[in-house]
Amino acid sequence: MKIVFGYYEDEDFGLTEYSEIEFSPEDTKEDAKKKSKYKKYLLTAIMEDFQYPEILSDFYEEIKALERGEINCLLWDGQAFQHEITREKVTFTNTIFGICKEYPLWSCSFKEYRKVLKVWKEFLGLPRKEQTKVEVKI
């Protein structure tokens, strides 16, 4: 699965970030369903909850403490999701609706989360122009 971050020119808001998950011709309906969950939870959480590099820099210090074993669990209350992070997985709870039919609990591996978060941080540090893109394979 490949995730792409980039910019597009929005008529109302100007240069705007976007994310997409690239599909391959071999993808099954199950693959498409899995990718839609990654988009709905992981990408939305990272893009909405870490909009500014400064916030992400502070958060990275907490992630490093988790990786070093100084803490066992990390909770991050974002605008879109609450991130419950352990060294094994990250579980997402919608901050507005909580756990409900539209937003049941969902989780991904910590390794995937960390990888996407790292690329998002790199993306935010690049020049803001329509040609700027970064990709990550998870």
Side-chain angles (χ1 to χ4, degrees):
M1 173 171 15
K2 184 166 41 170
I3 295 171
V4 178
F5 292 112
Y7 291 103
Y8 71 95
E9 189 66 41
D10 183 275
E11 189 176 295
D12 296 323
F13 300 106
L15 203 57
T16 304
E17 299 94 353
Y18 74 88
S19 65
E20 63 183 22
I21 298 176
E22 292 193 355
F23 291 85
S24 69
E26 303 86 43
D27 284 345
T28 64
K29 281 185 180 183
E30 192 173 301
D31 292 332
K33 191 174 181 179
K34 180 180 178 183
K35 288 177 184 180
S36 74
K37 294 286 187 185
Y38 276 75
K39 179 103 174 150
K40 182 176 182 175
Y41 288 89
L42 178 62
L43 296 182
T44 299
I46 286 176
M47 291 178 71
E48 292 294 321
D49 296 340
F50 303 106
Q51 295 179 15
Y52 305 102
E54 307 81 40
I55 294 172
L56 204 44
S57 293
D58 293 343
F59 181 64
Y60 252 76
E61 293 307 312
E62 295 183 49
I63 288 286
K64 288 176 186 173
L66 179 72
E67 290 175 321
R68 289 189 300 264
E70 295 169 9
I71 56 176
N72 294 324
C73 184
L74 173 59
L75 289 176
W76 181 265
D77 286 318
Q79 293 178 4
F81 289 95
Q82 181 183 62
H83 310 219
E84 183 179 340
I85 307 160
T86 67
R87 287 184 293 278
E88 291 78 37
K89 70 179 183 175
V90 180
T91 304
F92 299 90
T93 305
N94 187 282
T95 55
I96 296 170
F97 303 110
I99 301 167
C100 63
K101 185 178 179 180
E102 184 65 29
Y103 288 98
L105 276 181
W106 183 83
S107 61
C108 67
S109 74
F110 175 72
K111 185 178 177 180
E112 291 172 324
Y113 180 82
R114 180 78 161 90
K115 204 172 195 183
V116 175
L117 194 66
K118 180 181 180 211
V119 171
W120 175 245
K121 185 177 184 211
E122 289 172 16
F123 174 74
L124 290 177
L126 296 173
R128 284 185 59 91
K129 52 187 178 182
E130 207 166 334
Q131 299 79 7
T132 301
K133 275 188 183 177
V134 293
E135 299 176 355
V136 61
K137 212 172 202 179
I138 61 170

Do you know the tightest heavy-atom contact between [X] and [Y]?
{"X": "K115", "Y": "I138", "result": "CD-CG2, 3.9 Å"}
{"X": "E62", "Y": "I71", "result": "O-CD1, 4.0 Å"}
{"X": "C73", "Y": "T86", "result": "SG-CG2, 4.2 Å"}
{"X": "T132", "Y": "P127", "result": "OG1-O, 2.7 Å"}
{"X": "D31", "Y": "E26", "result": "OD2-O, 4.2 Å"}
{"X": "M1", "Y": "I21", "result": "CG-CG2, 3.6 Å"}

Would you indicate whether the side-chain heavy atoms of [Y] and [X] approach each other to under 4.5 Å?
{"X": "Y103", "Y": "F92", "answer": "no"}
{"X": "F50", "Y": "K121", "answer": "no"}
{"X": "V4", "Y": "F123", "answer": "no"}
{"X": "Q79", "Y": "T95", "answer": "no"}
{"X": "L105", "Y": "T93", "answer": "yes"}
{"X": "I3", "Y": "L43", "answer": "yes"}
{"X": "R128", "Y": "E17", "answer": "yes"}
{"X": "V116", "Y": "Y38", "answer": "no"}

> How would you list all residue pairs meeting salt bridge (charged side-chain N to carboxylate O under 4.0 Å, His left out) that involve residues 89-102, not counting sequence neighbours?
Replying inline: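 For residues 89-102, and leaving out neighbouring residues, the salt bridge (charged side-chain N to carboxylate O under 4.0 Å, His left out) pairs sorted by first residue read K40-E102.
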>> Determine whether a donor-acceptor pair (N or O, by modelled atom type, separation under 3.5 Å) exists between the side chain of R87 and the backbone of F110.
In response: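 Checking the backbone N and O of F110 against the side chain of R87, no donor-acceptor pair under 3.5 Å is found.
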> So, E48 side chain and A45 main chain: donor-acceptor pair closer than 3.5 Å or not?
Replying inline: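 Judged by distance alone, no pair lies under 3.5 Å.
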How long is the span from the [atom1] atom in [X] to the [atom2] atom in [Y], to the nearest 0.5 Å?
{"X": "K37", "Y": "L42", "atom1": "NZ", "atom2": "CG", "answer": "13.5 Å"}
{"X": "L66", "Y": "N72", "atom1": "CG", "atom2": "CG", "answer": "8.0 Å"}
{"X": "I55", "Y": "W76", "atom1": "CD1", "atom2": "CH2", "answer": "6.5 Å"}
{"X": "E135", "Y": "E22", "atom1": "CD", "atom2": "CD", "answer": "5.5 Å"}
{"X": "I46", "Y": "Y41", "atom1": "CD1", "atom2": "OH", "answer": "15.0 Å"}
{"X": "K64", "Y": "L74", "atom1": "NZ", "atom2": "CG", "answer": "13.5 Å"}

Verify the cluster assignment for [X] and [Y]: are they in a single hydrophobic cluster under the rule of side-chain heavy atoms below 4.5 Å apart?
{"X": "Y18", "Y": "L15", "answer": "no"}
{"X": "F97", "Y": "F81", "answer": "yes"}
{"X": "I96", "Y": "W106", "answer": "yes"}
{"X": "Y52", "Y": "L56", "answer": "yes"}

> Stepwise, does the side-chain contact (heavy atoms from CB on, under 4.5 Å) test hold for F5 with E122?
Replying inline: CA-CA 10 Å; F5 292 112; E122 289 172 16; over 6 Å; no
> Is the F13-Y8 ring centre distance short of 6.0 angstrom?
Replying inline: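 No, ring centres 6.0 Å or more apart.
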> For E9, which residues count as a side-chain hydrogen bond (donor to acceptor under 3.5 Å, both in side chains) partner, sequence neighbours excluded?
Replying inline: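 Partners of E9 by the side-chain hydrogen bond (donor to acceptor under 3.5 Å, both in side chains) criterion come out as none, since no residue qualifies.
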> For Y113 and W120, what are the C-alpha separation, side-chain angles and deciding distance, and is it a ring pair (Phe, Tyr, Trp, His ring centres under 6.0 Å)?
Replying inline: CA-CA 10 Å; Y113 180 82; W120 175 245; over 10 Å; no
> Should we say atom NZ of K34 is surrounded by more than 12 heavy atoms from elsewhere, each under 6.0 Å from it?
Replying inline: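 Counting neighbours around NZ of K34, 12 or fewer heavy atoms of other residues, nucleotides or ligands fall under 6.0 Å, so no.
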